[in-house]
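Here's the structure we're looking at; comments come further down.
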Amino acid sequence: MRSTPHKALVASAFAIAALVAAALPATSAAAAPAACTPAQVVTNGGFESGTSPWSQSQTSVITNRAGQSAHGGTYFAWLNGVGSAHTDTLTQSVTVPSGCSSASLSFWLHVGTAETTTSTKYDKLTAKIGSTTLATYSNLDKNTGYAQKAFDVSAFAGQTVTLAFTGTEDSSLQTSFVVDDVALSISGTTTPPGDSTRTPAAPAYTVNLSSNAAGTDWTGHESASFTNASASPLSEVYLRLWDNYHGTCAAMPIVVSNVTGGTAGALSVNCTALKIDLPAPLTQGQSATIGFDLGITVPSGADRFGYDGAFSMVGNALPVLAVRDAAGWHLDPYTNNGESFYSLASDFNVTLDHPTSLLVPATGASVDTPGTSGRTVTTATATKVRDFAWAAGPFSKLSGTSAAGTPVNIYSVSGISASDSQSMLTTAKSAVDAHSARFGAYPYGELDAVIDNNYWFGGMEYPGFVLDLVSTTALTHEIAHQWWYGIVGDDEYTSPWLDESFTDYATDLAQNKTGASCWNSVSWASSAEKISNSMAYWDTHSSRYSTVVYGYGKCALHDLRRVLGDTAMAKLLKDYATSHWYGVSTTAEFKAAAQAATTTDLTSFWTTHRIDG
């Protein structure tokens, strides 16, 4: 997330008068084992690391030869395309671990054909796992680009099976089946313990928007379905119209109208909250859907919601449901110093109709299809994400695949050099793998980064989508937010340290920094200043926000590592991420998990490091 004036590049050293952590013994007791460690189990799914461990029917199936292109990186699997009777196969043996509630196989497929029929399947590609056929594609499935295919393979948990692609061609007219970025991701429960107090739960948003020629104005419709998870009836919901902060109530950038499924009330919190009364209260387990027309006007400015020349950044523009928990409705004000966002893991299906001249990177997996004359329809699908963001503009795009198989796309505004774009691609691929190894496999499919050196805030994260300067440290930080805010959520207004401190700590680890001189020249501003303070405090002490939350916060976690020991600290964070996967973290829960990982009483540690909760 961001700080003023530069978010993720906190480079100054910090000190503390009483460093009790260094004096505490590094003894620990193992925490209870997690039921499931999220992981990605296909090896070399992007085909960038040679052919192993894939088995191919001929040496040219995995290739980078001319005639086709990769979805990410430079290599891909090209089956068939011969134009005569021919069969190609591509296989890999995979083990689907037990103990996880979810296993999903995905891959990207492009079908190009010389066949002219609109009714006969002459050439076919079959995707199988074990003896089960997942899908069969044919020349009738031809497309102009790649489309992602995904399948629930949870039934194969605990088994070692063969993943197989088999392509067959008849005697004439070629069909090419091009496969790339194959992944089999496992994860645990999507409803961690304790989340039942947070409602409305399981939000699912469907959005259809069309833009003007510049990509600065978007109009259309949005619907939101949800369930009351709480034992208390739900008689109303609130939509957060966060980006109305960037305008006035008389001229709102985000306009909601024609509400269905409920009755719109008055706007509040400087027009960033809209109450919608439901026709009848929902009891626990009951669901409902609201809908509304939506207008978005992107203001001028190189901001997370703003346009910089021909390039528009559309962050936090889609209305999302506010959260009600044990403390009641969370209707906190927008903060420009950091973040106010608090939302539950949600599903988004977003259709963006825009001029073909504009590239539209977005949260989730995107597929482009031709629209009306001169226009393209980008359909983005994202599951278990807390927010949805996109950009629009004539970006330069550079793609690759990380060693562990995550597709990465760098979208650069004009003025960013090719070498800087390549550097950011290299950084992103390294960072996503480093964080995956420490905290659990990256679950969002592709990762998009929009690079613009005019951002005043340094960088900003959304699920599967980040904004950043040309900066190795900043980009590594923003990508770490995919875990600490994205996967492991938190109430960012009440407890900003739970994502910013953890993310800066993860950035240090990814860059092999130990925090050895963390506490040089520290100075607390007052007895009220604490790492765990809310944005209500930091908005009135804005000059201290990044120093304390980013700097002192990550140093406190380095100290905790020294207390627990490196191995126990690594296990604590990975197990904590697993147990809160798609859930919400609180300071009290993290402190309890840390205490369970050591026989040392941590009471004085939290007091000395000013972490309350």
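Position 1 is the first residue of the sequence, and the numbers go up from there.
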Nearest-0.5 Å distance that lies between atom [atom1] in [X] and atom [atom2] in [Y]:
X: Asp353; Y: Thr379; atom1: CG; atom2: OG1; value: 9.5 Å
X: Lys384; Y: Leu344; atom1: NZ; atom2: CG; value: 10.0 Å
X: Ser366; Y: Gln148; atom1: OG; atom2: CD; value: 9.5 Å
X: Tyr307; Y: Thr297; atom1: OH; atom2: OG1; value: 10.5 Å
X: His477; Y: Glu500; atom1: NE2; atom2: CD; value: 4.5 Å
X: Phe465; Y: Met313; atom1: CZ; atom2: CE; value: 7.5 Å

Kindly give the heavy-atom pair with the smallest separation between [X] and [Y], and that separation in Å.
X: Trp218; Y: Ala392; result: CZ2-CB, 4.0 Å
X: Leu278; Y: Leu234; result: CD1-O, 3.6 Å
X: Ile186; Y: Ala103; result: CG2-CB, 3.8 Å
X: Ala362; Y: Trp390; result: CB-CB, 3.7 Å
X: Gln40; Y: Ser185; result: CG-OG, 3.8 Å
X: Val450; Y: Ala391; result: CG2-CB, 4.1 Å

With Phe305, which residues qualify under ring-ring contact (aromatic ring centres under 6.0 Å, His included), at least two apart? His246

Is a side-chain donor or acceptor of [X] paired with a backbone partner of [Y] at a separation under 3.5 angstrom?
X: Ser501; Y: Val549; value: yes
X: Asp433; Y: Ser402; value: no
X: Asn349; Y: Thr381; value: no
X: Asp180; Y: His71; value: yes
X: Thr363; Y: Pro463; value: yes
X: Trp242; Y: Tyr334; value: no
X: Glu222; Y: Leu318; value: no
X: Thr540; Y: Tyr537; value: yes
X: Gln284; Y: Ala229; value: yes
X: Arg198; Y: Val323; value: no

Distance-only polar pair, side chains of [X] and [Y], donor-acceptor under 3.5 Å:
X: Ser585; Y: His580; answer: no
X: Asn316; Y: Asp243; answer: no
X: Thr356; Y: Thr376; answer: yes
X: Ser532; Y: Thr587; answer: no
X: Asn228; Y: Thr199; answer: yes
X: Tyr342; Y: Asp325; answer: yes
X: Asp181; Y: Thr401; answer: yes
X: Thr378; Y: Asp368; answer: yes
X: Arg240; Y: Ser343; answer: no
X: Asn270; Y: Asn244; answer: no

Dump the intermediate steps for side-chain hydrogen bond (donor to acceptor under 3.5 Å, both in side chains) on Ser542 and Asn337, then the final yes or no. CA-CA 7 Å; Ser542 59; Asn337 192 34; 5.1 Å; no

Show, in sequence, the C-alpha distance, side-chain angles and deciding distance for Ser346 and Phe388, and conclude whether the side chain to side chain contact (heavy atoms under 4.5 Å, CB included) test is met. CA-CA 10 Å; Ser346 309; Phe388 186 98; over 6 Å; no

Can you run down the ring-ring contact (aromatic ring centres under 6.0 Å, His included) pairs that involve residues 281-301, sequence neighbours left out, and say none if there aren't any? none

For a 4.5 angstrom cut-off between non-hydrogen side-chain atoms, does [X] reach [Y]?
X: Leu498; Y: Trp484; result: no
X: Ser211; Y: Pro355; result: yes
X: Leu294; Y: Pro319; result: yes
X: Ile296; Y: Ile254; result: yes
X: Tyr550; Y: Thr507; result: no
X: Val153; Y: Leu134; result: yes
X: Asp387; Y: Tyr485; result: yes
X: Ile479; Y: Tyr442; result: no

Given the rule in the side-chain hydrogen bond (donor to acceptor under 3.5 Å, both in side chains) test, do Glu236 and Trp329 qualify, once you have shown the distances and angles that lead to the verdict? CA-CA 10 Å; Glu236 77 279 335; Trp329 283 106; 2.8 Å; yes

Which is it for Thr476 and His435 under the side chain to side chain contact (heavy atoms under 4.5 Å, CB included) test, yes or no, and what are the steps along the way? CA-CA 9 Å; Thr476 303; His435 300 320; 3.8 Å; yes

List the steps and the verdict of side chain to side chain contact (heavy atoms under 4.5 Å, CB included) for Leu425 and Val408. CA-CA 7 Å; Leu425 178 61; Val408 178; 3.8 Å; yes

Within the 6.0 Å centroid threshold, strictly below: Phe502 and Phe590: yes

Pair Tyr238-His330, side chain to side chain contact (heavy atoms under 4.5 Å, CB included): steps then yes or no: CA-CA 9 Å; Tyr238 286 85; His330 285 258; over 6 Å; no

